[in-house]
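The basis for the numbers below is simple: all heavy atoms, side chains too, and nothing from hydrogens, waters or symmetry mates. Every chain is numbered from 1, with letters handed out A, B, ... down the list of sequences.
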Number of protein chains: 2
Amino acid sequence: MKKIDCDTCEELCEHPQAICLAKTDLIPEDKAQRVADLFKILGDTTRVKIIQALSKRELCVCDIAAVIGMGQSATSHQLRTLRNTRLVKYRREGKMAWYSLDDEHIEGLLTQGIEHVEHD
Amino acid sequence: MKKIDCDTCEELCEHPQAICLAKTDLIPEDKAQRVADLFKILGDTTRVKIIQALSKRELCVCDIAAVIGMGQSATSHQLRTLRNTRLVKYRREGKMAWYSLDDEHIEGLLTQGIEHVEHD
DNA sequence: CCTATGTATGAATACATGTTCATATAAAAT
DNA sequence: ATTTTATATGAACATGTATTCATACATAGG
């Protein structure tokens, strides 16, 4: 370990140059957090199924529950999560709520993820 | 609620046709699980930083720890997770372990995620 | 050999999260 | 008005997971 002098890495470390460069290129904390939060939403089987189902057609809550094989409450809770992160939107029609994808990009992400697991 | 007769949806439900179609199109359980597992790996700030750093250059464990600002142990634990899911590989050189991305696709996924959060 | 260093790992802890249950809200139907 | 139906939500519970601490392992150097 040696002391080095560097704009972004002024500490004891093993490979100061590599660390300096890597620190310069490193994704900022807040952006890393938002990226992780986005992927966290997609990191749940139930939500993957909901998003995939909604990418094909608009569905109401009880239909989503029937399709993915979960209870109404669990489905509603997950839809709230997806609403809060602006991944789905809904319109009310009488007592029913019709859900659809809010963000067209999310379908691309999901598709890429699916392709990734298929490529093994 | 009415009883309907349908290949994939033979039960009581509200919009049997929509449910039948959606069930037919639905991603299979095991594939949804693998997709969610993949995204789950990306759904952590520390791992996002590690993957992003490794997408630029090969780094050893203590350098990664220094770059992302975490302890050696925590870093090593996360690297194990990334190894087990075949997202990173490593080569040993003396007592050091040099890590790099194992899967070139993963960088694309990360990039798309970053673009997504930038697009707000 | 013995020590120092880089890395890995098991156990413990703290924290987050998904589902269920019970219940609330709100609109439609009787 | 009362009941039924669709959805939302709070609380409780169980499970999963990220980090830390202590320690083990392995390699290099004296």
Output the rounded distance in Å from CD1 (A/I50) to P (D/dT7).
13 Å
A/H119 and B/D103: side chain donor to acceptor below 3.5 Å
no
Residue list, salt bridge (charged side-chain N to carboxylate O under 4.0 Å, His left out) with B/R91, at least two apart or on another chain:
B/E58, B/E93
Taking CG from B/D63 and P from C/dT5, how many angstroms apart are they, rounded to a whole number?
16 Å
Length of the CZ-P vector between A/R80 and D/dA11, whole Å
11 Å
Could you give the CH2-to-P distance, from B/W98 to C/dT7, as a whole number of Å?
8 Å
Kindly work out whether a path of hydrophobic side-chain contacts (I/L/V/M/F/W/Y, heavy atoms less than 4.5 Å apart) joins B/L110 to A/I114.
yes
Locate the shortest heavy-atom distance separating A/K89 from A/L101; write the atom from each residue and the value.
NZ-O, 3.4 Å
In the single-linkage hydrophobic clustering (I, L, V, M, F, W, Y; side-chain heavy atoms under 4.5 Å), do B/M70 and B/Y90 co-cluster?
yes
To the nearest angstrom, how far is A/R83 atom CZ from D/dA8 atom C1'?
8 Å
In whole angstrom, give the distance that lies between atom CD1 of A/I68 and atom P of C/dG18.
13 Å
Within the structure, does a side-chain N or O atom of B/Y99 lie under 4.0 Å from either OP1 or OP2 of C/dG6?
no
Examine D/dT7: is either OP1 or OP2 under 4.0 Å from a nitrogen or oxygen in the side chain of A/R91? Give yes or no.
no
Who passes side chain to side chain contact (heavy atoms under 4.5 Å, CB included) against A/K95, sequence neighbours left out?
none
A/Q33 atom CD is separated from C/dA16 atom C1', nearest whole Å, by 13 Å
Among residues at least two apart in sequence or on other chains, which ones pass side chain to side chain contact (heavy atoms under 4.5 Å, CB included) with A/A32?
A/I27, B/T45, B/V48, B/K49
Sugar-phosphate or base contact per nucleotide [nucleotides 23-30 of chain C; S, B, -; heavy atom under 4.0 Å]
----SS--
Without decimals, in angstroms, what is the distance between A/N84 CG and C/dG18 P?
12 Å
Give the B/S/- string for nucleotides 14-21 of chain D, one per nucleotide from 5' to 3', where a protein heavy atom under 4.0 Å of the base yields B, of only the sugar-phosphate yields S, and otherwise -.
---SSSBB
Side chain to side chain contact (heavy atoms under 4.5 Å, CB included) filter on B/E104, not counting sequence neighbours, yields none
Between A/E118 and B/K31, does the salt bridge (Lys or Arg N to Asp or Glu O under 4.0 Å) criterion hold? Intermediate values first, please.
CA-CA 8 Å; A/E118 280 171 344; B/K31 193 186 281 190; 2.4 Å; yes
